[in-house]
Amino acid sequence: MKKCELSVDGMTCSACAVHVEDAVKKVKGVRSVQVNLLTRKAKITYVPGTVSTGGKKAPVSEAAADSDSAARNRLIASVVFAVPLFLLAMIPMLGVPLPGIHKPTGIFAYAFTQFLLLLPILFLNRSYFIAGFRTLLHGTPVMDSLIAVGAGAAVLSGVAALYGIGYGLGIGDTEIVHRFSMRLYFESAGMILTLVSLGKYLEKRAQRKTSSVIEKLVNLAPKTVILLRDGKEETVPAENAAVGDLILLRPGDTAAVDGTVAEGYSSVDESALTGESLPAEKKAGDTVMAGSVNLGGVLKIRTTQAGNETALARIIALVEEASGSKAPIARLADKISRVFV
């Protein structure tokens, strides 16, 4: 078996990651795949020589493929129209009279006003319908499919009721007008889309915060190191450092490798790794970890671990793995939600 890690573009929600996993699993020779939504990476285990480089496109949701600011603006605009729509629909149920609502023409104006308030919400959140019905047609429904079907059914029911009210007015039958006025669900469609937009916005914020934590960990280690060879200093990329190399760490420098102090004395800030706020004193024979900041004197460090083998690299890998892994109950929830959709 062989393992590889690939970048995945276009994922916007957990359902997307599930469908990417399903698509990759269908490739002959693939034994297992784990897709991480936060890092946009897929870890694949496959049989060497059986997997081609040809890609397989998985239908994914595009409803949240925008920035935080765009998602926030869409949410605010949706709320601006959803609140009056909701109040207009609920006020009669609370016993508060509306002018002319009991007259047939007043009922039509009442229903048509709700429809007009719903139109901007439908336009702002049209991506749910586009992505939802697209994945439904592919036979791989996601949560957007459920949103599209539910909100779409409410809209069609309301439009049918508008025609019914108009028909009743046309023939002068007030009973038909009142009957169809009870079949208005425009506020349901508007609230579904607005509340889902709120959930998507909160999800996007949570993803951004988690991703920023991983990014900060990655940025702890510097990109270059000062290598000491034959008494000369040479600045090289950090990935070129190897076990046994002698690294110079000046005051203010951050260690890019794990190693032991070969020469020098200083205080080192290890708070990013250990959480300990007090600096740790380092002398010959002491261990220095990648991501530690030299606060005092000059240190010469003999490399013991470099690249992906440092403690910092292992911490990053564990955080990424934890963010992408699922508990058994979460896997069960994915299966149930797919049947439910």
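Note that this is a predicted model, so its numbers are computed, not measured. All values below come from the heavy atoms of this structure, side chains included, with hydrogens, waters and symmetry mates left out.
Residues Val243 and Glu309 have side chains not in contact (no heavy-atom distance under 4.5 Å, counting atoms from C-beta outward). No side-chain heavy atom of Val196 sits under 4.5 Å from any side-chain heavy atom of Asn125. No side-chain heavy atom of Ile301 sits less than 4.5 Å from a side-chain heavy atom of Thr260. Looking at heavy atoms from C-beta onward, Leu295 lies out of side-chain contact with Pro251 at the 4.5 angstrom threshold. At a threshold of 4.5 Å between non-hydrogen side-chain atoms, the residues Gln114 and Leu118 do not count as touching. Within the 4.5 Å cutoff, the side chain of Tyr110 has heavy atoms near those of the Leu184 side chain. In this structure, Val225 and Thr303 have side chains that are not in contact, with every pair of non-hydrogen atoms separated by 4.5 Å or more.
Closest heavy-atom contact between Ala306 and Val257: CB-CG1, 4.1 Å. Of all the heavy atoms in Leu273 and Ser292, the pair that sits closest is CD1-OG, 4.0 Å. The heavy-atom pair separating Ala77 from Leu124 by the smallest distance is CB-CD1, 3.5 Å. Nearest heavy-atom pair across Ser266 and Gly296 is OG-N, 3.0 Å. Shown here for Pro222 and Thr254, the closest heavy-atom pair between the two residues is CG-O, 3.0 Å. Closest non-hydrogen pair, Val35 versus Ala42, comes out as CG2-CB, 4.0 Å.
Residue pairs meeting the salt bridge (charged side-chain N to carboxylate O under 4.0 Å, His left out) criterion with at least one partner in residues 266-277, sequence neighbours excluded, are Glu270-Lys282. Listed by first then second residue, pairs satisfying salt bridge (charged side-chain N to carboxylate O under 4.0 Å, His left out) with a partner in residues 178-191 number zero, not counting sequence neighbours. Residue pairs meeting the salt bridge (charged side-chain N to carboxylate O under 4.0 Å, His left out) criterion with at least one member in residues 240-266, sequence neighbours excluded, are Glu233-Arg250, Glu263-Lys300.
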> Yes or no on side-chain contact (heavy atoms from CB on, under 4.5 Å) for Val149 and Leu136, after CA distance, side-chain angles and deciding distance?
Replying inline: CA-CA 10 Å; Val149 171; Leu136 196 60; 4.1 Å; yes
> Should Thr135 and Asp144 be marked as a side-chain hydrogen bond (donor to acceptor under 3.5 Å, both in side chains) after you check the CA-CA gap, both sets of side-chain angles, and the distance that decides it?
Replying inline: CA-CA 8 Å; Thr135 53; Asp144 288 346; over 6 Å; no
>> Please evaluate residues Thr194 and Ser78 with respect to the criterion side-chain hydrogen bond (donor to acceptor under 3.5 Å, both in side chains), reporting the C-alpha separation (whole Å), side-chain torsions for both, the decisive distance (0.1 Å), and the verdict.
In response: CA-CA 6 Å; Thr194 302; Ser78 297; 4.7 Å; no
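Under a hydrophobic clustering in which Ile, Leu, Val, Met, Phe, Trp and Tyr are joined whenever their side-chain heavy atoms come within less than 4.5 Å, directly or via other members, Phe133 and Tyr128 fall into the same cluster. Val268 is not connected to Ile315 by any chain of hydrophobic side-chain contacts under 4.5 Å among Ile, Leu, Val, Met, Phe, Trp and Tyr, and they are in different clusters. Under the 4.5 Å side-chain heavy-atom criterion for ILVMFWY residues, no single connected hydrophobic cluster contains both Leu248 and Val288. Both Ile107 and Leu88 are part of a single hydrophobic cluster, where members link through side-chain heavy atoms under 4.5 Å apart. The hydrophobic cluster containing Ile192 also contains Leu146, counting ILVMFWY residues as joined when their side-chain heavy atoms lie under 4.5 angstrom apart, directly or transitively.
For Leu116, the side-chain contact (heavy atoms from CB on, under 4.5 Å) partners are Phe112, Leu119, not counting sequence neighbours. Judged as a salt bridge (Lys or Arg N to Asp or Glu O under 4.0 Å), and not counting sequence neighbours, the contacts of Asp286 are Lys283. Every residue two or more places apart in sequence or in another chain that forms a side-chain contact (heavy atoms from CB on, under 4.5 Å) with Leu198 is listed here: Leu75, Leu202. The ring-ring contact (aromatic ring centres under 6.0 Å, His included) search around Phe129 returns none, not counting sequence neighbours. For Glu281, the salt bridge (Lys or Arg N to Asp or Glu O under 4.0 Å) criterion is met by no residue, not counting sequence neighbours. Ala313 meets the side-chain contact (heavy atoms from CB on, under 4.5 Å) test with Thr310; sequence neighbours excluded.
Summarising the local packing, CG of Asn308 is surrounded by 12 or fewer heavy atoms from other residues, nucleotides or ligands at distances under 6.0 Å. For Arg314, the CZ atom sits in a packed shell: over 12 heavy atoms of surrounding residues, nucleotides or ligands are nearer than 6.0 Å.
Here the CG atom belonging to Leu6 is positioned 4.5 Å from the CD1 atom belonging to Ile44, to the nearest 0.5 angstrom. Separating the CE atom in Met191 from the CG atom in Leu193 is a distance of 10.5 Å, to the nearest 0.5 Å. One distance of note links CD1 of Ile226 with CD1 of Ile247; it measures 9.0 Å at 0.5 Å rounding. Rounding to the nearest 0.5 angstrom, the gap separating the CG atom in Leu246 from the CG atom in Asp230 is 11.0 Å. Atom-to-atom distance recorded for Arg31:CZ and Lys3:NZ is 14.0 Å, nearest 0.5 angstrom. The structure places CZ of Phe180 at 9.5 Å from OG of Ser157, a figure rounded to the nearest 0.5 Å.
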Donor-acceptor contacts under 3.5 Å from residues 79-87 side chains, at least two apart:
none

Atom pairs and distances, donor-acceptor, side-chain atoms in residues 159-173, under 3.5 Å, two or more places apart:
from	atom 1	to	atom 2	distance (Å)
Asp173	OD1	Glu175	N	3.0
Asp173	OD1	Ile176	N	3.3

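Of the possible donor and acceptor atoms, one in the side chain of Arg126 sits under 3.5 Å from a partner among the backbone N and O of Phe123. Although no hydrogens or angles enter the test, the distance criterion places a donor-acceptor pair under 3.5 Å between the side chain of Asn294 and the main chain of Gly297.
Cluster partners of Met182: none. The rule joins Ile, Leu, Val, Met, Phe, Trp and Tyr whenever side-chain heavy atoms lie under 4.5 Å apart, and it links nothing here.
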